[in-house]
Structure formats: structure tokens, C-alpha cells
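Here the structure is laid out as C-alpha cells; the discussion comes afterwards.
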Amino acid sequence: MERGRAHEGAVLLSALYPSREISYAFSSGYAPTEHRCRVARADGRRLPEIDGLPAAEVYNRWTGGLISAQLGGGTILEHTALHPLGRPSGWIGKVPQFVLIHPDTVQKDNSMTLGANINEGDELVLMQGSRESVIGRVRSVVDAALGAAPPSFRAQGALVIFCAGCMLAVRDELDRVVEGVTASLGATPFLGRFTFGEQGCFTRGKNQHANLSIGVILLGA
């Protein structure tokens, strides 16, 4: 790549080598519902059907008509931010864990495109969240990062990744998101970014790509 130029179809990787300790946490704030299915057909990030019917029609029924206006084609990214799909990914104690997948468009044939890849045979569960759960979750993730640090750790700064999909759901209350961070970090400075598609290391130690997630890295003294 050439410096100072914009590029299409490119990937930028940045490697950081901090001279001090770091601590981190990566999580999301959604709960499973009773609606679930097994993927019979998949095409990368496209979900053609659920239980033999067009995927968007079934999703719309599951969510009580959430995307009725978009059936036949349309963008649903903002509508579905509190009602993503989840792929089961293990347990922490007796609590099931899920990798979140954000539905983003309805196609003309009422198939759906998603923010993460799916595979035939995957189990998908309809998840649910609320504005309060999304706003409150950021403080929980900061606290988890603080709790994972060694006793001598003293945070000098932080990087907070807050999913842009979550931001769309609470964008008129972003001040409360910031308040949640500062409630735990105090005067420690932090940099925040809103991204689509996060990748991080879950509590159980597996690095994965997920949607609608929050990541926090604390930089030690």
C-alpha cells in the first residue's frame, strides 16, 4: 500500500507492543429466547430460510412484526440491534454463552444477510436485549477487565470498542454510555470507537468474531 492514499478491498493490521501490562474483557448483553432453529442452507453471510420458510418471514414472526415494512427488500440493521441471532458457543458455569450475529438486510426473496458467517448445521437462537441492558453492559465489561488484572495493576488508559449496531439502538443516550465507563475508570482517560464487527477473546479464552459486542483494553502503568 502507498502512504497517503485511500484503498478499496484492503485490510489494515496494526500490531501493538505495550511496554507495560494490559488487561481486557470482551462481552455482550443479550439473553436467549425460546425461538431457535438449525441452519439447513447457508451461503456465507446469507441465510435463505428458517424451518423451510423464507428467513425474514420467520424472523418477523418471531419478533412480532418487527421488520414487516422491510419484507421484500430493505435495510434492517437498526431495527434488529436489540433482537440479533445467537450461535451457542459454550458455557461459563451454568450460564450458556452465545456469539451474536446481527441481521442487516432483507433480500427480495426474503432471505436475510447477516453481519457474520454461518454454516449449515449451526444452531441459531433469537436473542433479545434492551436499551438499558446495552447501556449498562459497558460498565460491566470495564469492571470485568479491571477484575481480570493482577493486584498491582494500575490503569493509565483504556480503549473501549462499542459496537456501532449497539450505538444505533441507544444513540440518543450515549452520554450514559460514557458515564458507565467513567463510573468504573474514574479519571483514567479512554478512547472509544464505534465499529461494525468485533473480534475479541471471550472469558473462556477463545478468540472469535462477533457482532453487537463490547471490548475493553486497559493499559497499565
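For the numbers below, each heavy atom of this structure counts, side chains included, while hydrogens, waters and symmetry mates do not.
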- Message: Just to verify, what does Thr182 make a side chain to side chain donor-acceptor pair (under 3.5 Å) with, not counting sequence neighbours?
- Response: none
- Taking the side chain as every heavy atom from C-beta outward, state whether Pro84 and Ile101 have any atom pair closer than 4.5 Å. no
- Item | Main-chain N/O of Ala210 paired to Ser213 side chain as donor or acceptor, under 3.5 Å | no
- Message: Contact between Leu218 and Ile22 at the side-chain level, heavy atoms closer than 4.5 Å - yes or no?
- Response: no
- Note on the structure: Residue set satisfying side-chain contact (heavy atoms from CB on, under 4.5 Å) with Glu49, at least two apart, ordered chain then number -> Ala40, Arg41
- Task: Would you mind checking if Arg176 and Glu132 are paired as a salt bridge, meaning a charged N to carboxylate O distance below 4.0 Å?
- Result: yes
- Message: Is there a path of hydrophobic side-chain contacts, each under 4.5 Å between heavy atoms of I/L/V/M/F/W/Y residues, joining Met112 to Val39?
- Response: yes
- Task: Go through the steps for Met167 and Leu174 under the test side-chain contact (heavy atoms from CB on, under 4.5 Å), then give the verdict.
- Result: CA-CA 8 Å; Met167 181 273 290; Leu174 289 179; 4.0 Å; yes
- Heavy-atom donor-acceptor pair, Thr80 side chain to His83 backbone, under 3.5 Å: no
- Message: Which residues pass the side-chain contact (heavy atoms from CB on, under 4.5 Å) test with Ala144, not counting sequence neighbours?
- Response: Ala25
- Item | N-O pairing of Glu123 and Arg87 below 4.0 Å | no
- Item | Neighbour count >12 (heavy atoms, 6.0 Å) for atom CZ, Arg38 | yes
- Message: Give me the atom names and distance for the closest heavy-atom approach of His102 to Asn211.
- Response: N-OD1, 2.8 Å
- Task: Please name the pair of heavy atoms, one in Ser68 and one in Gly65, separated by the smallest distance, quoted to 0.1 Å.
- Result: OG-O, 3.2 Å
- When rounded to the nearest 0.5 Å, the distance separating SG of Cys37 from CG of Asp51 is 6.0 Å
- Task: Identify, with sequence neighbours excluded, every residue that meets side chain to side chain donor-acceptor pair (under 3.5 Å) alongside Ser23.
- Result: none
- Query: Do Val99 and Leu114 share a hydrophobic cluster, counting only Ile, Leu, Val, Met, Phe, Trp and Tyr and linking them when any side-chain heavy atoms are less than 4.5 Å apart?
  - Reply: no
- Item | Arg5: partners by side-chain contact (heavy atoms from CB on, under 4.5 Å), with sequence neighbours left out | Glu2, His7
- Item | Residues in salt bridge (charged side-chain N to carboxylate O under 4.0 Å, His left out) contact with Glu179, at least two apart in sequence or another chain | none
- Query: Does Gly220 offer a backbone N or O that forms a donor-acceptor pair with the side chain of Arg20 under 3.5 Å?
  - Reply: no
- Message: Checking Asn60 against Glu57 for the side-chain contact (heavy atoms from CB on, under 4.5 Å) test, could you report, in this order, the C-alpha distance in whole Å, the side-chain angles of both residues, the deciding distance, and whether it holds?
- Response: CA-CA 5 Å; Asn60 191 53; Glu57 295 177 15; 5.7 Å; no
- Look up atom CD in Gln107 and atom CD in Gln70, then write down how far apart they are to the nearest 0.5 Å. 13.0 Å
- Item | All side chain to side chain donor-acceptor pair (under 3.5 Å) counterparts of Thr113, not counting sequence neighbours | Asp104, Thr105
- Is there side-chain contact between Pro88 and Val125, with heavy atoms separated by less than 4.5 Å? yes
- Is there a donor-acceptor contact under 3.5 Å from the side chain of Asn110 to the main chain of Leu71? no
- Taking Glu198 for its side chain and Leu212 for its backbone only, find out whether a donor-acceptor pair lies under 3.5 Å. yes
- Sort and list the pairs that fulfil side-chain hydrogen bond (donor to acceptor under 3.5 Å, both in side chains) and have at least one residue in residues 136-146, not counting sequence neighbours. Ser27-Arg137, Arg139-Ser184, Asp143-Ser184
- Do Met127 and Val138 share a hydrophobic cluster (ILVMFWY, side-chain heavy atoms under 4.5 Å, transitive)? yes
Contacts under 3.5 angstrom, residues 151-165 side chains, donor-acceptor by atom type, not counting sequence neighbours:
none

- Item | hydrophobic_cluster_shared for Leu82 and Phe98, side chain cutoff 4.5 Å | yes
- Treat each ILVMFWY residue as a node, draw an edge where side-chain heavy atoms are under 4.5 Å apart, and state whether Leu126 and Leu124 are in one component. yes
- Item | Shortest non-hydrogen contact from Asn119 toward Asp122 | N-OD2, 2.8 Å
- Task: Please identify each residue that fulfils salt bridge (charged side-chain N to carboxylate O under 4.0 Å, His left out) with Asp109, with sequence neighbours left out.
- Result: Arg46
- Side chain to side chain, Phe190 and Val216, heavy atoms closer than 4.5 Å: no
- Keeping to residues at least two apart or across chains, list the ring-ring contact (aromatic ring centres under 6.0 Å, His included) pairs with something in residues 30-79. His35-Trp62
- Query: Who passes salt bridge (charged side-chain N to carboxylate O under 4.0 Å, His left out) against Asp172, sequence neighbours left out?
  - Reply: Arg131
